[in-house]
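Single-structure report; data block below.
Numbers for residues simply follow the sequence, beginning at 1.
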Amino acid sequence: MLDMKQIDKSKQVMHATFAQKGKWLRRLTRATVAASLLAVTPIQAQTTQGADDQMSNWRQANDAVGKLLRGHVDILKSEAKTRKAVAPADTSNQGSPLTLPQAKRLMLEARPSLFTSGGDSAAERNAHAVSVNEALSALSRAWTQAVGAQRLLKLQEGATEAAEIANELGQRMGKVGNWGADRVLAVGLQASAERLKLSQAQENAVRTKAALAQWVMTDAFVLPEKLPALRGIGARLDLTANPAQLAQERLKRLPNYDSDLVMLRALEATAGPGPLKAWETFAQSRVSALLDGQGTSALTVDATEVLWNHDMRAVLRQRESMAASQQQAISTMAVAQAAVKARHAETILLTNEFVPLAMQAEEEAVYQYNGMFISTWQLLEQFRSRTAVEMALTESQMRYWDAEYAFEAYLTGTPYYPPTGGGASVSAAGAADGGH
């Protein structure tokens, strides 16, 4: 048996020659636990074996681990595949992935109600345009949710598999007496939590695909593996223009805006410019009186000072209504612009920084693992960390496209549907306790 000085010396030699002798390292550095993890017989039974049999089992287990890049992880994957019955492949929906333009085509072709005769009034044409754009926006959001949910399901399957491997290895470590019950229970709870997340991801994938199927009126389609890459937004005028300008353009597309504006002009002409000016002066003086402490009675209209008939009240109500609509449009436009820009910046940050760093960290963890500097559970933890970053990226892409489609539709006159979900939350993987 090696003493501590010999072990330290061995590690120093392995570290110095790791780059040139990676394959040799993978075989040698797992020797201390290979037999205990891969053997299913208890320690008590092993004591009855001869020294030659133990050495033979040790070498066979060590060689099996060393042939694989991720050692015990890859072996557990192979065992799991061997145990599982191979299910027949589902070929019912195989074909080219359903792109967003194709989904829009299917949706429009299946909805004659969105077609028009073309002989309508301007208000009716505006109403028709709003209906079509609203349907297209809803379809785009449904397609994004379905594709994103499928991607999240695939990532969650990987995270669950990693947790199951950690749990299986933990169970084996417990059986051979290398782990206490607390550590075995900890990895078991982690595996159960990931299975729960997997069940939720499976349900969400089915639900979002079913929602998309209702829009395209068929479920005979397959989805792309990933959401489309983001477009650059630096030169987009709709994201740099003044919200008030965009809001005014949007208001002109509303079905009743022109008629409401005509009505306001007619009411103002009926009331007359003189009475309207008098009302503005009267209102300013009454508001000042209220703020000076005269109480709400200061807002009582004195019919001897100002015209307060039906026509005056009608024009004031119309003014207030249109001013409120205009300010609401300006405020909503500013919020919609900010949502697109913020979610675009978030997704770009995840794409260009978090994901590459997580992948590098996982690759480094493999090197560290093959050099016996970290444990199998630390390697699995790094994999789960990288998976979590990819999930955060997918969710961020979903939020971006949701905000993008909502903003584009609002510009055309549809109601604004605020994008769902908050910002991304990711964290670096911590070093897990435990030996190799």
> Would you find a donor on one side and an acceptor on the other, under 3.5 Å apart, between the side chain of Lys209 and the backbone of Gln150?
Replying inline: no
> Looking at side-chain heavy atoms only, is the closest gap between Gln337 and Pro243 below 4.5 Å?
Replying inline: yes
> Between Thr394 and Arg151, which heavy-atom pair has the shortest distance, and what is it?
Replying inline: OG1-CG, 3.4 Å
> Which heavy atom of Leu223 sits nearest a heavy atom of Leu212, and at what distance?
Replying inline: CD2-CD2, 3.7 Å
>> Can you tell me how far apart CZ (Arg195) and OG (Ser192) are? Round to the nearest 0.5 Å.
In response: 4.0 Å
> Where do Glu134 and Tyr417 land on the side chain to side chain donor-acceptor pair (under 3.5 Å) test, with the steps shown first?
Replying inline: CA-CA 10 Å; Glu134 189 169 5; Tyr417 299 97; 2.4 Å; yes
>> Please give me the minimum heavy-atom distance between Leu254 and Gly413, naming the atom from each residue.
In response: CD2-O, 3.4 Å
> How long is the span from the OG1 atom in Thr144 to the CE atom in Met398, to the nearest 0.5 Å?
Replying inline: 8.0 Å
>> With heavy-atom distances below 4.5 Å as the criterion, would you say the side chains of Glu346 and Tyr400 are in contact?
In response: no
> Pro419 and Arg399: which non-hydrogen atoms are nearest, and at how many Å?
Replying inline: CB-O, 4.3 Å
>> Taking Ala329's backbone N and O only, do any of them form a donor-acceptor pair with Thr332's side chain (distance below 3.5 Å, no angle check)?
In response: no
> Can Glu408 and Thr412 be counted as having a side-chain donor-acceptor contact under 3.5 angstrom?
Replying inline: no
>> Evaluate Ser137 against Arg141 for side chain to side chain donor-acceptor pair (under 3.5 Å), listing each step before the verdict.
In response: CA-CA 6 Å; Ser137 178; Arg141 293 196 301 273; 2.7 Å; yes
>> Could you measure the distance from the CD atom of Glu390 to the CD atom of Gln156? Nearest 0.5 Å is fine.
In response: 12.5 Å
>> Taking Glu404 first and then Arg236, would you say they form a salt bridge - that is, a charged N and a carboxylate O separated by under 4.0 Å?
In response: yes
>> I want to check something: taking the side chain as every heavy atom from C-beta on, are Trp308 and Leu316 in contact at a cut-off of under 4.5 Å?
In response: yes
>> I'd like to know whether Glu364 forms a side chain to side chain donor-acceptor pair (under 3.5 Å) with Tyr369, so could you lay out the CA-CA distance, the side-chain angles of the two residues, the decisive distance to 0.1 Å, and finally the verdict.
In response: CA-CA 8 Å; Glu364 178 63 24; Tyr369 173 74; over 6 Å; no
>> Using side chain to side chain donor-acceptor pair (under 3.5 Å), reason through Gln326 and Gln248 one step at a time and then give a plain yes or no.
In response: CA-CA 7 Å; Gln326 184 173 19; Gln248 189 61 35; 3.1 Å; yes
>> Take a 6.0 Å sphere around CE of Met322 and say whether it holds more than 12 heavy atoms from other residues, nucleotides or ligands.
In response: yes
>> To the nearest 0.5 Å, what is the distance between CG on Asn126 and NZ on Lys252?
In response: 12.0 Å
> Tell me, do Leu108 and Arg105 make a side-chain contact under 4.5 Å, heavy atoms counted?
Replying inline: no
> Do any N or O atoms from the side chain of Glu249 and from the backbone of Leu411 form a donor-acceptor pair under 3.5 angstrom?
Replying inline: no
> Quick one: does Gln397's side chain have a donor or acceptor within less than 3.5 Å of a partner on Gly148's backbone?
Replying inline: no
>> Treating Arg111 as the side-chain partner and Trp215 as the backbone partner, does any N or O pair qualify as donor plus acceptor under 3.5 Å?
In response: yes
>> Any heavy-atom pair between the side chains of Val301 and Arg286 that's under 4.5 Å?
In response: no
> With distance as the sole test, does Gln382 use its side chain to make a donor-acceptor pair with the main-chain N or O of Leu379 at under 3.5 Å?
Replying inline: no
> In terms of ring plane angle, is the pair Phe282 and Trp279 parallel, tilted or perpendicular, where the classes change at 30° and 60°?
Replying inline: tilted
>> Are the side chains of Glu109 and Leu114 in contact, using a 4.5 Å heavy-atom criterion?
In response: no
> So Val187 and Trp179, side chain to side chain contact (heavy atoms under 4.5 Å, CB included) or not? Walk me through it.
Replying inline: CA-CA 11 Å; Val187 294; Trp179 270 22; 3.9 Å; yes
> Heavy-atom count around Met217 CE within 6.0 Å, excluding the residue itself: above 12?
Replying inline: yes
> Between the side chain of Thr160 and the main-chain N/O of Glu194, is any donor-acceptor distance below 3.5 Å?
Replying inline: yes
>> I'd like to know whether Val130 forms a side chain to side chain contact (heavy atoms under 4.5 Å, CB included) with Arg253, so could you lay out the CA-CA distance, the side-chain angles of the two residues, the decisive distance to 0.1 Å, and finally the verdict.
In response: CA-CA 8 Å; Val130 169; Arg253 296 187 176 97; 5.6 Å; no
> Looking at Leu98 and Gln102, what are the two nearest heavy atoms and their distance?
Replying inline: CA-OE1, 3.6 Å
> If you draw a 6.0 Å radius around NZ in Lys341, do more than 12 non-hydrogen atoms from other residues or ligands fall strictly inside?
Replying inline: yes
> Do side-chain atoms of Thr240 reach the backbone of Leu237 as a donor and acceptor pair under 3.5 angstrom?
Replying inline: yes
>> Let's go through Trp401 and Trp143 carefully: what are the C-alpha distance in whole Å and the side-chain angles of both, what is the deciding distance for ring pair (Phe, Tyr, Trp, His ring centres under 6.0 Å) to 0.1 Å, and is it a yes or a no?
In response: CA-CA 10 Å; Trp401 287 114; Trp143 181 87; 8.5 Å; no
>> Run Met107 and Leu136 through side chain to side chain contact (heavy atoms under 4.5 Å, CB included) and show every step you take.
In response: CA-CA 8 Å; Met107 186 273 291; Leu136 289 170; 3.7 Å; yes
> Do Phe407 and Leu239 come within less than 4.5 Å of each other through their side chains, counting heavy atoms only?
Replying inline: yes
>> When you measure from the side chain of Glu268 to the backbone of Arg265, do you find a donor-acceptor pair of N or O atoms at a distance under 3.5 Å?
In response: no
> Considering all heavy atoms of both residues, which atom of Thr420 and which atom of Asp402 are nearest to each other, and what is their separation?
Replying inline: N-OD2, 3.1 Å
> To the nearest 0.5 Å, how far apart are CZ in Arg384 and CG in Leu155?
Replying inline: 14.5 Å
> Roughly how far apart are Leu350 CG and Met391 CE, rounded to 0.5 Å?
Replying inline: 14.0 Å
> Stepwise, does the side chain to side chain contact (heavy atoms under 4.5 Å, CB included) test hold for Trp377 with Leu169?
Replying inline: CA-CA 9 Å; Trp377 291 270; Leu169 290 174; 3.6 Å; yes
> Does some side-chain heavy atom of Val315 sit less than 4.5 Å from a side-chain heavy atom of Leu264?
Replying inline: yes
> Taking Asn256 for the side chain and Ser259 for the main chain, is one N or O donor matched with an acceptor at less than 3.5 Å?
Replying inline: no
